[in-house]
Number of protein chains: 8
Amino acid sequence: MNKPEILDIFKKIQAGEISPEDALLKLRAEPFEDLGYAKVDHHRELRRGVPEIIYGAKKTPEQIAGIAGAMLNKGQQLILITRLSAEAAEAVGKSLPLKYHKVAQIGMIGEMPKPSGIGKIVIATGGTSDIPVAEEAALTAEALGNEVVRLYDVGVAGFHRLLSNLELIMNAQVVISIAGMEGALTSVIGGLVACPVIGVPTSVGYGASFGGVSALLSMLNSCASGVSVVNIDNGFGAGYLASIINHPCRA
Amino acid sequence: MNKPEILDIFKKIQAGEISPEDALLKLRAEPFEDLGYAKVDHHRELRRGVPEIIYGAKKTPEQIAGIAGAMLNKGQQLILITRLSAEAAEAVGKSLPLKYHKVAQIGMIGEMPKPSGIGKIVIATGGTSDIPVAEEAALTAEALGNEVVRLYDVGVAGFHRLLSNLELIMNAQVVISIAGMEGALTSVIGGLVACPVIGVPTSVGYGASFGGVSALLSMLNSCASGVSVVNIDNGFGAGYLASIINHPCRA
Amino acid sequence: MNKPEILDIFKKIQAGEISPEDALLKLRAEPFEDLGYAKVDHHRELRRGVPEIIYGAKKTPEQIAGIAGAMLNKGQQLILITRLSAEAAEAVGKSLPLKYHKVAQIGMIGEMPKPSGIGKIVIATGGTSDIPVAEEAALTAEALGNEVVRLYDVGVAGFHRLLSNLELIMNAQVVISIAGMEGALTSVIGGLVACPVIGVPTSVGYGASFGGVSALLSMLNSCASGVSVVNIDNGFGAGYLASIINHPCRA
Amino acid sequence: MNKPEILDIFKKIQAGEISPEDALLKLRAEPFEDLGYAKVDHHRELRRGVPEIIYGAKKTPEQIAGIAGAMLNKGQQLILITRLSAEAAEAVGKSLPLKYHKVAQIGMIGEMPKPSGIGKIVIATGGTSDIPVAEEAALTAEALGNEVVRLYDVGVAGFHRLLSNLELIMNAQVVISIAGMEGALTSVIGGLVACPVIGVPTSVGYGASFGGVSALLSMLNSCASGVSVVNIDNGFGAGYLASIINHPCRA
Amino acid sequence: MNKPEILDIFKKIQAGEISPEDALLKLRAEPFEDLGYAKVDHHRELRRGVPEIIYGAKKTPEQIAGIAGAMLNKGQQLILITRLSAEAAEAVGKSLPLKYHKVAQIGMIGEMPKPSGIGKIVIATGGTSDIPVAEEAALTAEALGNEVVRLYDVGVAGFHRLLSNLELIMNAQVVISIAGMEGALTSVIGGLVACPVIGVPTSVGYGASFGGVSALLSMLNSCASGVSVVNIDNGFGAGYLASIINHPCRA
Amino acid sequence: MNKPEILDIFKKIQAGEISPEDALLKLRAEPFEDLGYAKVDHHRELRRGVPEIIYGAKKTPEQIAGIAGAMLNKGQQLILITRLSAEAAEAVGKSLPLKYHKVAQIGMIGEMPKPSGIGKIVIATGGTSDIPVAEEAALTAEALGNEVVRLYDVGVAGFHRLLSNLELIMNAQVVISIAGMEGALTSVIGGLVACPVIGVPTSVGYGASFGGVSALLSMLNSCASGVSVVNIDNGFGAGYLASIINHPCRA
Amino acid sequence: MNKPEILDIFKKIQAGEISPEDALLKLRAEPFEDLGYAKVDHHRELRRGVPEIIYGAKKTPEQIAGIAGAMLNKGQQLILITRLSAEAAEAVGKSLPLKYHKVAQIGMIGEMPKPSGIGKIVIATGGTSDIPVAEEAALTAEALGNEVVRLYDVGVAGFHRLLSNLELIMNAQVVISIAGMEGALTSVIGGLVACPVIGVPTSVGYGASFGGVSALLSMLNSCASGVSVVNIDNGFGAGYLASIINHPCRA
Amino acid sequence: MNKPEILDIFKKIQAGEISPEDALLKLRAEPFEDLGYAKVDHHRELRRGVPEIIYGAKKTPEQIAGIAGAMLNKGQQLILITRLSAEAAEAVGKSLPLKYHKVAQIGMIGEMPKPSGIGKIVIATGGTSDIPVAEEAALTAEALGNEVVRLYDVGVAGFHRLLSNLELIMNAQVVISIAGMEGALTSVIGGLVACPVIGVPTSVGYGASFGGVSALLSMLNSCASGVSVVNIDNGFGAGYLASIINHPCRA
C-alpha cells in the first residue's frame with residue numbers, strides 16, 4: 001500500500017464509503033502495507049518481472065513445492081530456489097517443471113529474463129573449487145536480469161591468467177571476486193579495477209583457513225578501495241547485490 | 001597506456017621511428033602503463049576531477065605535507081587526508097591551506113565538488129558514538145561528488161526514530177548503515193530498502209562487542225539481501241564504495 | 001528439611017527421643033535437607049504439580065525409562081524428557097505411555113497442566129529453521145503451566161510481518177526471541193516491548209555465523225534494555241526461565 | 001498514538017474536521033505514534049514516575065547536561081546517568097544538582113523512588129573487585145523502584161560465606177549474580193534458588209580470563225535452570241532487567 | 001645408564017678392557033642412557049612394577065598387538081592401552097589376553113597392582129556424561145597402583161549431592177574433578193578441599209561450550225588455590241598425574 | 001566447627017544446657033562451621049603456621065593494611081601479599097613492617113618458615129623475562145615452607161643449558177616450568193622427569209603469542225605425562241599447588 | 001617469453017615480418033609471456049625435468065586424468081598428484097600408469113629423478129600419527145630431486161630418541177619438523193641445528209589442540225632462530241620449500 | 001666438544017693422564033659440549049665472524065650493556081641488539097660505542113661484514129607503515145653478511161609498482177615479503193618467483209586485522225608454493241632465516 005492508496009482509503013472514510021473501524025482493520029490485515037510504508041511497494045516495483053527467491057536449505061521438499069506452487073498461482077514468471085539438494089530437487093521436480101543446476105545447487109521454474117542491467121557482471125574465482133559458489137552467484141544474477149561473464153581459476157598462484165584477462169575485468173560494471181584459502185584475488189582485483197568489487201570468501205582450504213575465515217579476514221582488510229564483503233560461501237548474496245548495483249534506480 | 005597506444009608504439013617500431021630496444025625501455029620505465037593495461041588509464045579517467053586520497057595514519061606531518069604538495073603541483077583540485085590527528089593537522093596546516101574536520105579526522109585542501117552522482121547516499125548510524133565513522137564516510141562521499149543525507153542516532157533501541165524516516169531511506173541510491181554493539185540496524189535497513197546497503201561495523205561497545213567483531217559478524221550474517229560489509233570503523237571505504245555505486249560507468 | 005523440621009529434631013534430642021549421634025547421622029543421610037536449607041524445600045514447593053525434567057541427550061533409552069519409571073512411582077503427574085531422539089523415544093515408548101513431539105525432540109508422560117502464570121509467553125522466531133528450538137521452549141513452558149503464543153518467521157528481512165503483530169507482542173508478560181544468523185530480531189523486539197526478553201541464539205546459518213556465535217554476540221550486545229541471553233539452541237532453558245518469570249513468588 | 005487515537009483521527013476525517021492530506025501528514029510528523037503502535041504508549045506508561053536513563057560514556061559533559069536539562073524541563077523527577085566519569089560528573093555538576101556515586105560511576109538528579117516491586121532483588125558478587133559493576137546494578141534497580149539486598153564477596157573460593165547467607169538468597173524475587181574469573185558463582189546460585197538468576201560476567205581476572213569471556217562462557221553454559229546472561233560488566237542491564245521482572249505487568 | 005655406570009665404563013677404558021672407540025660407539029648405540037642421564041633410569045625405577053602405556057588412537061590393531069607383544073616378551077606385568085576402540089579391542093583380543101573396558105575405552109593385559117599410594121584419589125564428575133573420561137582416569141590410576149573413590153554426578157545444579165559427600169572429598173590425597181559445560185564443579189571443590197585438585201574439562205555440552213573450551217577456561221581461571229588443569233577429555237593425563245602425586249618420591 | 005563440636009552442641013541440648021532455638025541460632029551465626037563441615041576445620045588445620053595470603057591487585061592500600069592488621073591481631077605469623085604494586089607497598093609499609101620484593105611484586109610481614117616439605121621444588125624458566133612470574137612462585141612456595149631451587153633462563157633455544165642441569169631437575173619433588181612464547185620448555189621437562197610438572201604459561205612474547213595463549217595451549221597439549229597447567233602468569237597458583245604436593249597429608 | 005624473445009618480436013615488427021596487430025594478438029594469446037615477464041620463463045627453467053604437480057583434492061578422477069594426460073602429451077616425465085584419495089587413485093589408474101602411495105595420498109606417473117640438491121633434507125616427526133603428513137613432504141621432496149632422511153617418532157616425550165640422532169640432524173641442509181599436539185619438537189630442533197627449519201603443524205591431537213592451531217602457534221612463537229612455518233598438515237608445501245632451499249639458484 | 005675431542009678425553013683416561021672422575025666432571029662442567037654433541041660446535045663454526053644477537057626487549061640497559069661488554073671481551077666483532085628502545089639505546093651508548101638505527105630499533109657495536117651469501121635478499125613491503133619491520137629484517141640480514149635490496153611500498157592496491165619491479169624480484173635468492181592488513185602481497189610474490197619467500201605479517205591495520213592475525217592467516221593459506229611464515233612483526237626472524245638460506249652449508 002503506497003501513499004496514494006492510503007490517501008484513497010482516507011478519502012473513502014471522508015466520503016463515508018468505509019467506516020473508520022474497517023479502515024483500522026484493513027491496516028492490521030495487510031500489516032505494513034496498510035500503513036503505507038514505501039518499502040513493500042518499492043519491493044514490489046523492484047521485483048516486478050524478476051524471480052521471487054526461495055532459500056531451500058532446511059526446508060522439506062513439500063514446503064518448497066508448496067511455496068513455489070503458491071507463487072506460480074500468483075503469476076510469478078521465474079522462481080529461483082537456492083541451496084537445493086539433488087534429492088530435494090528430484091522430489092520437487094515430480095510436481096513442478098523444475099530445471100536443476102547441480103553444481104550451483106539451484107532450481108528454477110520459468111524462463112530466464114533478458115539482461116536489463118546497465119553493464120556486465122564479471123565473476124572471477126581463485127580456483128576450480130570455488131566454482132559452486134560462483135555458479136550460485138552467476139545464476140542468481142542472470143535470473144535477476146544481468147549479463148554475466150565467468151572468469152574462473154584466475155588465482156594469484158598462476159597470476160598471468162588474471163593479467164591476460166585484464167581488459168575483460170576492466171570493462172565490468174561490477175566484479176564478484178570469489179576465493180578461498182588466503183583470498184588474495186579480491187585485493188588484487190580491487191587494486192586493478194575502478195568499479196565496485198564484491199568479495200565472496202569461500203570455505204575452500206584446509207588447516208588455518210578455518211572454513212573460510214582466513215579469506216574473509218583477508219577481504220575485509222583489503223587495502224584496495226571499492227571492495228566490500230558478503231558472508232562465506234554466500235554466492236546468492238553477491239549475485240543479488242551485484243544485480244541491484246547493475247540496476248541503479250535512476251540510471 | 002591503452003590498446004591504441006600500444007599499437008601506436010608497435011607502428012612506430014614498424015615505421016622505424018623508434019628502435020625495439022627503446023620500446024622495451026619505455027615499457028620498463030612507465031611500468032604497467034607502458035604495457036597498455038587498462039587499469040591505470042581507467043583509474044585516471046575515474047579520478048579526473050576527483051580528489052586523490054592520502055591515508056594519514058602512521059605518516060609524519062612532513063610526509064603528508066610532502067605528498068600533498070606534490071599533488072598540488074600536479075594541479076590536483078581537491079586533496080583528502082583521512083585518519084589525520086589534530087596534531088598532524090596543525091603541523092600540515094602551517095605550510096598548506098588545510099581545512100580540518102575534527103570529528104571525522106579528515107583534512108582537505110581545495111573545494112568540494114558539486115554532486116554528480118545519480119542519486120543520494122543516506123548515511124544512518126545506530127547511535128551518537130558512531131558519528132565519527134559516519135562523518136568520515138560522509139565527507140569522503142561528498143569529496144567524491146555525492147549528495148549525502150545524514151540520519152544519525154536511529155538505532156533499533158528507539159525504533160520509531162528509524163520508522164519515521166522511512167521515506168528518506170527508501171529514496172536513497174545507496175545506504176551506508178553504521179552501527180556498533182549488535183549492529184542490528186544494518187539488517188533492519190536491509191530488510192526495508194531495495195538499494196545496496198553498505199554495513200560499517202564500529203568499535204563502539206564494550207564487553208562482548210570485542211571492538212566491533214560482534215557488529216561485524218551480525219552484518220555479515222544479515223538475513224536481508226543486498227547487504228555487504230567493510231572493515232570495522234572503515235568509514236572511508238564505505239564512502240568510497242557508495243560513491244562508485246552512485247557513479248555507474250554507463251548510467 | 002526446613003527450619004521447623006530442624007527445630008523439631010533438636011526438640012526431640014532435648015526430649016531424649018533421639019540421641020545426638022542419631023541426629024548427626026540423620027543430618028548426613030539426607031544431607032542438605034537435614035540441615036534445613038530452604039533450597040530443597042523451595043524446590044519441592046516449586047515443583048509440586050509441575051513436571052520433573054529429564055535431559056535425554058547422551059542417556060540410553062534404558063536409563064531414561066528407568067528414571068521416568070521411578071518418577072511415576074513417586075506419583076509424578078507430568079514427566080518431560082528433552083533432547084530425546086526419535087529412536088530413543090520409540091524404545092522408551094515400549095514400556096511407558098510416552099507422547100513424542102518430533103520437531104521439538106521432546107517426550108512427555110502425563111497430561112499438560114492448565115496455565116497458571118500471570119500472563120502470556122510470546123515465542124517469536126526469525127525464520128522457519130528456528131522452529132525446533134522454539135517448540136522446545138514452547139512445550140517446556142506449557143508443561144510448566146504457561147499459555148504460549150507462537151509467532152514464527154517474523155525476522156527482520158520481512159520486517160512488516162513483525163510490525164503487523166506488534167499488539168500481540170506488546171501484551172506479552174515475557175517474550176522469548178529465537179533467531180540464528182545475525183540475531184537482530186532480539187534487539188528489535190527489545191526496542192519495542194517493555195517486558196523481559198529472553199534471547200535464544202540458534203545455530204541456524206552458515207559461514208561466519210559460526211554455529212550460533214554471531215547471533216549470540218549480537219544478542220549479548222543488544223542496545224535495548226531488558227534483554228538477556230541463554231546458550232545457543234537452549235530452548236528448554238528459555239522456556240524454563242520464562243515460566244519462573246511468569247510465576248513470580250509473590251504475585 | 002494508540003488505537004483510540006487513531007480511530008479518533010479517522011472519525012475526524014469522516015466528520016470532515018480534518019482533511020485526508022492532513023491526516024497523512026500527522027502520521028508522518030509523529031511517526032510511529034501516529035500509527036497507533038502500542039510500544040510508545042506502553043513505554044510511556046512504564047516510564048511514568050521512573051527515571052529516564054542517559055548512557056554517559058562517549059558523551060561530552062555539555063551533551064549530558066543538555067539532555068538532562070531537557071528532561072528536567074519536561075518534569076522528569078529522577079534522572080540516571082550511567083558510565084559517568086568523575087571528570088564529567090564534576091563538569092555536569094556545575095550546572096545541575098547532580099549526586100555522583102563514584103564506585104558505580106553513576107550520576108543522579110532527583111530523589112530515589114520508594115520500592116514498588118513485588119519482592120527483593122539480591123545482588124551477589126564473587127569478590128571485592130566486582131563491586132563497581134554490582135553498584136551499577138544496585139543503583140539502577142533502586143532508581144527503578146526496587147529494594148536491593150547487597151551480598152558482596154561470596155565467591156566459591158570461600159564457599160561457606162555463600163552458604164551462610166542461603167536464607168537471604170532463597171527469599172529473593174530475582175538474583176543478580178556478578179562474577180569475573182571463572183564465574184562459577186552464578187551456576188552455584190542457579191543450583192540453589194528457584195527464582196530467575198541474571199548472570200553478569202565481569203572483566204575481573206587476568207590471563208585466560210580474556211577480559212570476562214571465561215566468566216561469560218561459564219554462565220552461558222550453566223547447568224542450572226533459570227539462569228540467563230547479560231553482557232560483560234553490564235550492571236545497568238542486569239539492574240534494569242531485574243526491575244522489570246520484579247514489576248510484572250499484571251502482578 | 002647412570003653415573004656409576006658411566007664411571008664404570010671410564011674405568012674399563014682406564015683398565016684397557018674397552019677401547020675408547022668402543023666406548024664412544026656404546027654411547028651412540030644406547031643414546032641418552034650411554035651418557036648416564038638420570039632420566040631413563042629414573043623412569044625405569046618409576047615404572048618398575050607399573051604398566052607401560054600404549055596410546056591406542058590412530059594405531060592399527062596390528063601395531064598395537066605388536067607393541068604389546070614386545071612388552072610381554074620383556075616381562076611387562078600389566079599393559080594399559082588407552083583410547084582403544086571396541087573394534088580394535090576385538091582384533092587385538094584375538095592374539096592377546098586382553099580385558100576391555102568399553103566405557104573408558106581402555107584395554108588391559110595382566111593383573112591390576114595392589115594400591116601402593118599414600119592416600120586415596122577421589123574422582124568426581126559433574127554429570128553422567130562425564131563418566132567415560134572419569135573411567136579413563138580411574139582405570140589409569142588403579143593400574144598405576146592407587147585406590148580410587150568414584151563420586152559421579154555431583155555437579156552444582158544438584159548441589160546437595162556434593163555437600164552430602166564432603167567428608168569423603170575432604171579425606172582425599174588428590175581430587176580429580178571432571179566436568180563439561182561451565183565446569184564450575186572444579187572451582188567449588190577447589191574452594192572446599194586442601195589437597196591438590198586436577199581439573200579435567202570435558203567436551204560435554206552444546207552451543208557456547210565449544211567442545212570443552214568453556215569448561216577449560218573456567219577451570220584455568222579458578223579463584224580457588226590448589227587447582228591445575230589438563231587437556232580437554234584427558235582422563236589418562238589426570239589419572240597419571242594424580243598417581244605420581246599420590247606416590248611422592250620420598251614419602 | 002567439627003564433628004565432635006556438633007555432637008557437643010547436641011549433647012548440651014540433650015542436657016538442657018542450651019535451648020534448641022539457641023542451637024539453631026549458633027548454626028546460622030557461624031554459618032558453615034556450625035554445621036560441622038570438615039572444610040573449615042581442615043583449612044584451619046592446614047593453615048596453622050602458614051601464611052594467610054592477600055591478593056593485592058585492585059585493593060586499595062587502606063584495604064590491604066586493614067586486612068593485614070586484622071590478621072596480625074589474630075596472631076598470624078607470616079602474611080603474604082601478592083600482586084602488590086610498588087606504590088601500594090610504600091603506602092602499606094608506613095603502618096606495617098612490610099618487606100617488599102619488587103620483581104615478584106610480593107609483600108611480606110613476618111619471617112619465612114623453615115622448609116617442611118618432603119623434597120625440593122625446582123622452578124625453571126625459559127628466559128629472563130619470565131623471572132617475575134617465577135619469583136612470585138618461588139616466594140610463595142618458600143613462604144609456605146618449601147625449599148626452592150631456581151633454574152632460570154634454560155629455554156630450548158639454548159638447549160644445552162637445560163641438559164647440563166638435568167641432575168638437579170631429576171631430583172625435584174615437583175617442577176614448576178615457566179615459559180612464554182611457544183612454551184616448549186614444559187613439554188621438554190615433562191619428557192625428562194618423573195615427578196609432577198606444573199606449567200605456567202607467561203604473557204612474554206609478541207605477535208601470535210597472544211598474551212600467553214600460545215604457551216598455554218602448548219602446555220595443555222603436552223605429549224608428556226605428568227604435566228598440568230595453571231593460568232597465564234599465575235606464579236602464585238603454581239607455588240601454592242607445588243607446596244601442597246610437597247606436603248602430602250600422610251607423608 | 002623472456003627479454004630476448006620480446007626483442008625478437010619487436011625486431012620482426014621492425015622488419016615487417018609480423019604486423020603490429022599480430023604482435024598484440026600474440027601478447028594476448030600467451031598472456032603474461034607475451035609481455036616478456038621473467039616469471040613464466042623462470043618457472044619453466046625451474047620446472048624443466050621436475051614434475052608438474054596436481055592438487056587432487058576436490059577434483060574428480062576425470063579431471064585429474066585429463067590434466068595428467070595433457071601433461072604426458074607435452075612430454076612431462078614425472079607427474080605428482082597430491083591429496084589423492086584411494087578411490088580417485090583407483091579410477092585414475094585405469095587409464096594411466098599411476099603408482100599410488102596410500103599413506104601419503106600421493107599418486108605418481110613416471111620415474112623419480114636422481115637427487116640433485118646440495119645436501120640432504122631431514123624430515124622429523126613428533127609421533128607416529130604425523131607420518132602421513134611427513135610422507136607427503138618426503139615424496140614431494142624426492143620427486144623434486146632431493147635426498148630425504150626420514151626420522152620419525154622423535155617427539156619430546158621420549159626425548160633421548162631425538163638426542164641419539166643429533167648427528168644426523170646436524171648434517172641436514174634443511175630440516176622439516178612435523179608435529180601435532182604442542183609442537184615443541186620444532187623449537188627443540190630449531191635450538192639444535194644451524195640450517196633452516198620448516199615447521200609443519202599437524203592436526204594430530206584432541207581437545208585444546210584445536211585441529212593443529214596449538215602446534216601452529218607454538219611453532220610461530222618459536223624462540224629459536226631459523227624456523228618458519230607452513231599451513232597445518234601442509235606436507236607438500238614443506239617438501240616444495242625444502243627443495244628450493246636445497247637447490248639454490250647460484251649454488 | 002666434538003667427536004675427536006671426546007675420543008681424546010677417552011684416550012687420556014686410557015693413558016692414565018686423567019682420572020675417570022675428572023672426565024665425568026669435565027662432561028658436567030661444559031655440559032652439552034663435553035658430551036660431544038655437534039650442535040655447539042656447529043653453532044660456533046656458523047657464528048664465527050658473524051654477530052652474536054641480543055634481544056633487547058624487557059632487558060634493562062644495564063643488562064644489555066653487561067652482556068654486550070662480555071661479548072666484546074671475547075673478541076666479538078659485531079654485536080646486534082634488536083628491539084632496543086631509544087631510551088635504552090641512549091643509556092647503553094654511554095658506556096659502549098653503539099650505533100642506533102631508530103626506525104628498526106636496532107643497536108650495533110662494530111662494523112658490518114661484507115656480503116658473503118650466494119645471492120641477494122629482496123625485502124618487499126606492502127606499505128610505508130611496514131618499514132620498521134622491514135628495516136629490522138634488512139639490518140639483521142646485512143649484519144649476517146648479505147646483500148639486501150629494499151623494495152618498499154609495493155602493495156597490491158597500487159599493483160603496477162610491484163609489476164614494474166618484477167625483474168628485480170625475479171633475481172632474488174630469497175624474498176622477504178612484509179605486509180599487514182590482508183597480506184596479499186606475499187601470495188602475489190609467491191605466485192611470481194621461484195625462490196623461497198618468507199612472509200612476515202605485520203600488525204599494521206585496524207579493525208578486523210586483529211593486530212596482524214588477518215595477514216598471518218592470509219600468508220599461511222597462500223595458494224602459492226615456496227612460501228613460509230614467521231611470527232607477526234618478526235623482522236629479525238625473517239632476516240636471520242633468509243641469511244641461512246642465502247648461506248647454504250655446502251654451496
Side-chain angles (χ1 to χ4, degrees), chain D residues 86 102-105 124-136 151-171 178-185 188-189 192 201-215 217-218 232-233 235, chain F residues 1 24-44 47 52-60 62-64 66-67 82-83 105 133 136 180 200-204 209-217 219-220 229-238 240:
Chain D
K102 192 177 175 183
V103 171
Q105 294 210 295
T125 74
T128 306
S129 311
D130 303 313
I131 289 179
V133 177
E135 280 299 309
E136 189 185 88
L151 193 58
Y152 295 165
D153 197 21
V154 292
V156 298
F159 201 57
H160 52 292
R161 293 170 301 178
L162 178 65
L163 291 179
S164 69
N165 284 290
L166 271 183
E167 193 166 339
L168 201 143
I169 296 179
M170 293 300 182
N171 284 330
I178 301 174
M181 300 170 84
E182 88 282 53
L185 178 66
V188 169
I189 290 180
L192 291 173
T202 69
S203 53
V204 170
Y206 61 91
S209 74
F210 300 129
V213 169
S214 173
L217 291 180
S218 180
I232 298 164
D233 290 336
Chain F
M1 199 175 280
L24 187 60
L25 207 72
K26 206 173 170 80
L27 272 159
R28 302 246 171 243
E30 287 185 287
F32 217 28
E33 299 168 10
D34 285 54
L35 302 172
Y37 283 109
K39 172 199 166 232
V40 178
D41 290 83
H42 218 290
H43 266 202
R44 290 203 170 155
R47 285 175 183 151
E52 192 73 48
I53 295 134
I54 303 171
Y55 182 70
K58 301 212 177 186
K59 288 207 180 69
T60 63
E62 293 75 32
Q63 289 176 318
I64 295 168
I67 299 170
T82 63
R83 306 270 162 134
Q105 293 210 294
V133 178
E136 188 186 89
V200 188
T202 69
S203 52
V204 170
S209 74
F210 300 129
V213 170
S214 172
L216 171 63
L217 291 180
M219 293 178 184
L220 280 170
V229 188
V230 295
N231 198 358
I232 297 164
D233 289 337
N234 189 3
F236 164 72
Y240 186 98

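Proteins get letters first, then strands, A, B, ... in listed order; numbering begins at 1 in each.
Nearest approach of D:A208 to F:N231, heavy atoms of both residues: N-OD1, 2.8 Å. Nearest approach of F:D233 to D:Y206, heavy atoms of both residues: C-CE1, 4.5 Å.
Looking at heavy atoms from C-beta onward, D:T128 lies in side-chain contact with F:Q63 at the 4.5 angstrom threshold.
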